Amino acid sequence: MLALKAENISKQYRLGQVGTGTISHDLNRFWHKMRGKEDPYLQIGEANDRAVKSDSQYVWSLRDINFEIEQGDAVGIIGRNGAGKSTLLKLLSKVTKPTTGKIYTNGRIASLLEVGTGFHPEMTGRENVFLNGAILGMSRKEIKRKFDEIVDFSGVERYIDTPVKRYSSGMYVRLAFAVAAHLESEILIVDEVLAVGDAEFQKKCLGKMGDVTKGEGRTILFVSHNMAAIKNLCNKGIILENGLLKYSSDNIEDAVNNYFSSDKIDHQLEREFDQNLKEFGNPNARLNRVKVDIPSKETFITIKDEIKIIIDFELLNTLEHFNLAVNFKTISDDAIVFSQITNVICAQKGTYQAVLEIPGNFLNSKIYEIDLHFVNNSVLMFTVPSIISFETLDLRDNINFYGTWAGYVRPQLNFLINSKL
């Protein structure tokens with residue numbers, strides 16, 4: 001049985017304005033409606049590409065989206081920032097209406113779209129559980145029956161009678177997710193809000209959502225940039241790009257691989273930072289540039305290439321025990337392949353360069369990125385996450401090639417067949 005069906009749904013917004021537009025536009029719409037004609041402003045508007053300047057006042061946040069979701073499915077909705085993921089969830093949750101198209105649902109929907117949605121800052125956690133539960137469609141009797149379980153899951157029992165305006169963002173999302181997860185709904189919609197919680201709570205939430213979809217047969221729509229969480233929880237995937245449905249699959253592995261294919265993601269082999277903006281740094285240190293350097297004249301990187309990660313930075317004060325740490329990760333499942341730490345130095349004020357050398361025939365054919373950590377006296381000063389990304393390609397010119405190589409790295413080690421003994 002179907003849990004959700006989207007039929008040609010689109011959502012149009014007018015840029016720079018609150019509401020549908022000016023009085024003249026509203027009158028024009030009314031006049032066309034009285035004559036039985038289509039809204040004139042639906043014929044205009046451009047794709048939702050936030051990186052491109054446009055002269056149009058209208059933008060299609062979503063355009064002609066069609067899909068069907070069966071009961072018990074866990075669907076990961078994937079896409080870059082601005083692709084339309086949150087807009088789609090708001091339409092499915094009936095927070096806002098589609099400009100065109102229809103949405104069919106079968107069952108009660110519980111949604112967790114933003115941190116603290118439905119919470120009143122002056123009310124206590126206890127009062128907000130009842131308020132938020134009522135907004136989500138739970139009866140007072142149902143909330144009372146599940147109250148202790150909700151509070152226990154959230155882990156904020158000590159502060160349950162404290163006004164939530166004094167909660168941290170993590171405590172907000174803990175309580176909000178606990179209420180939504182314990183609603184006996186057929187469909188659970190979760191946006192990227194879990195990123196606010198700590199690692200332990202994220203794991204707990206993923207476990208709960210896994211129980212909901214696998215154990216209880218309920219439907220989940222999950223938006224996240226954490227591909228490991230998407231792959232662990234979901235069995236199907238939908239990819240949005242600039243408001244359009246670019247790809248959907250009944251296999252989440254295929255969806256993730258399609259999203260991370262070389263033509264779907266912008267790889268940055270070099271990034272420089274405007275020092276006037278002070279993008280990454282603190283009063284003691286500042287990052288200037290990160291670059292991936294390869295000896296090949298080609299614009300792509302193969303698994304045979306030697307790679308150098310060049311890090312230019314500036315120390316604004318003298319630091320006695322300074323060093324850098326790098327986490328080398330795969331983007332597809334956010335797994336750390338290896339970590340490296342520079343030597344500890346007593347560094348005077350000035351500019352410096354660190355170089356990480358990665359030999360050829362070491363990395364596998366994957367998409368990688370690095371996190372950079374600035375450390376002093378074994379204390380983390382600041383972190384620069386996902387600072388660069390690149391893909392290594394296997395051109396398959398090795399006559400001994402056999403299938404797809406598993407693993408995050410594929411070093412060439414001595415592994416020989418000797419003559420018969």
Side-chain angles (χ1 to χ4, degrees), residues 50-51 80-81 195 225 260 262 264-332 334-393 408-409 411:
R50 57 190 168 86
R80 298 170 62 185
N81 291 331
H225 292 285
F260 283 123
S262 57
K264 292 292 190 302
I265 189 168
D266 295 328
H267 300 302
Q268 292 187 287
L269 301 184
E270 182 174 4
R271 288 183 66 181
E272 294 190 17
F273 305 99
D274 187 341
Q275 298 313 305
N276 293 323
L277 298 178
K278 299 180 180 178
E279 292 181 81
F280 294 109
N282 69 1
N284 291 318
R286 189 164 57 199
L287 178 62
N288 292 338
R289 184 184 72 142
V290 179
K291 179 182 178 182
V292 179
D293 186 48
I294 54 176
S296 172
K297 295 181 180 180
E298 302 290 346
T299 57
F300 55 85
I301 303 173
T302 75
I303 59 173
K304 294 182 177 181
D305 287 325
E306 296 179 0
I307 302 172
K308 291 182 180 179
I309 309 295
I310 300 174
I311 305 161
D312 294 330
F313 60 96
E314 182 178 357
L315 296 184
L316 308 178
N317 294 297
T318 298
L319 302 177
E320 294 183 357
H321 300 91
F322 173 80
N323 64 318
L324 291 175
V326 169
N327 282 349
F328 208 85
K329 307 186 302 181
T330 58
I331 292 186
S332 60
D334 200 34
I336 296 178
V337 180
F338 63 84
S339 299
Q340 287 290 299
I341 302 175
T342 65
N343 56 315
V344 179
I345 62 171
C346 176
Q348 302 294 317
K349 178 180 178 181
T351 57
Y352 292 83
Q353 184 176 90
V355 180
L356 172 61
E357 297 182 355
I358 303 173
N361 295 307
F362 177 74
L363 296 176
N364 207 342
S365 178
K366 287 185 177 292
I367 302 174
Y368 299 93
E369 67 179 2
I370 69 167
D371 295 342
L372 187 59
H373 309 281
F374 282 69
V375 181
N376 188 42
N377 286 322
S378 300
V379 176
L380 180 65
M381 298 164 61
F382 63 91
T383 295
V384 188
S386 306
I387 192 65
I388 53 173
S389 66
F390 61 92
E391 182 176 14
T392 52
L393 302 176
Y408 298 125
V409 295

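We use all heavy atoms of the structure for the numbers below, so side chains are in, but hydrogens, waters and symmetry mates are not. A quick note: this is a predicted structure, and the numbers were derived from the prediction, not measured.
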Distance (rounded to the nearest 0.5 Å) between D371 CG and K329 NZ: 3.5 Å

Under the side-chain hydrogen bond (donor to acceptor under 3.5 Å, both in side chains) test, which residues partner D305, sequence neighbours left out? T302

Mind listing the closest non-hydrogen atom pair of G360 and E306 along with its distance? N-CG, 3.6 Å

Any idea how F328 and F338 line up, ring-wise: parallel (<30°), tilted (30 to 60°), or perpendicular (>60°)? parallel

Set of residues satisfying side-chain hydrogen bond (donor to acceptor under 3.5 Å, both in side chains) with respect to T330, sequence neighbours excluded: D333

My understanding is that only residues two or more places apart in sequence, or in another chain, count here; which of them pass side-chain contact (heavy atoms from CB on, under 4.5 Å) with P411? F362, V409, L413

How close do M381 and V375 get, heavy atom to heavy atom, and via which atoms? SD-C, 3.9 Å

To the closest 0.5 Å, what do you measure between CD1 (I294) and NZ (K304)? 14.5 Å

How far does CD1 of I388 sit from NZ of K291, to the nearest 0.5 angstrom? 11.0 Å

Could you tell me whether a side-chain N or O of Y368 sits under 3.5 Å from a main-chain N or O of Y408, the two making a donor and an acceptor? yes

Please check if atom CD in E320 has more than 12 non-hydrogen atoms from other residues, nucleotides or ligands closer than 6.0 Å. no

Looking at S365 and T392, would you say the former's side chain and the latter's main chain have a donor-acceptor pair under 3.5 Å? yes

Taken in chain and number order and not counting sequence neighbours, the residues that satisfy salt bridge (charged side-chain N to carboxylate O under 4.0 Å, His left out) with D293 are none

Report yes if the side chains of N284 and L316 come closer than 4.5 Å at any heavy-atom pair, otherwise no. no

Mind listing the closest non-hydrogen atom pair of S339 and N327 along with its distance? OG-OD1, 2.8 Å

Rounded to the nearest 0.5 Å, what separates atom NE2 in H373 from atom OG1 in T383? 5.0 Å

Taking the side chain as every heavy atom from C-beta outward, state whether V292 and I309 have any pair of such atoms under 4.5 Å apart. yes

Carefully, step by step, assess L287 and I387 under the rule side chain to side chain contact (heavy atoms under 4.5 Å, CB included). CA-CA 11 Å; L287 178 62; I387 192 65; 4.1 Å; yes

Ignoring hydrogens, what is the shortest heavy-atom contact between A285 and F382? Give both atom names and the distance. O-CE2, 3.8 Å

With a 4.5 Å cut-off on side-chain heavy atoms, are E357 and Q340 touching? no

What I'd like to find out is whether the side chain of K349 reaches to under 4.5 Å of the side chain of L315, using heavy atoms alone. no

Does the side chain to side chain contact (heavy atoms under 4.5 Å, CB included) test come out yes or no for L363 and I358, once each step is laid out? CA-CA 8 Å; L363 296 176; I358 303 173; 4.2 Å; yes

Find the distance between CG (N317) and CG (N282) and round it off to the nearest 0.5 Å. 9.0 Å

Any side-chain heavy atom of P385 within less than 4.5 Å of one from E369? no

Applying ring-ring contact (aromatic ring centres under 6.0 Å, His included), name anything that partners Y352, two or more places apart in sequence or on another chain. F313

Roughly how far, to the nearest 0.5 Å, is NE2 of H321 from CG of N323? 10.5 Å

Please report, to 0.1 Å, the donor-acceptor pairs under 3.5 Å made by any side chain of residues 341-348, with sequence neighbours excluded.
{"residue": "T342", "atom": "OG1", "partner": "L324", "partner atom": "N", "Å": "2.8"}
{"residue": "T342", "atom": "OG1", "partner": "L324", "partner atom": "O", "Å": "3.4"}
{"residue": "Q348", "atom": "OE1", "partner": "T318", "partner atom": "OG1", "Å": "3.4"}

Mind checking whether I370 and L356 have side chains closer than 4.5 Å, heavy atoms only? no

Do F322 and N376 come close enough that some side-chain heavy atom pair is under 4.5 Å? yes

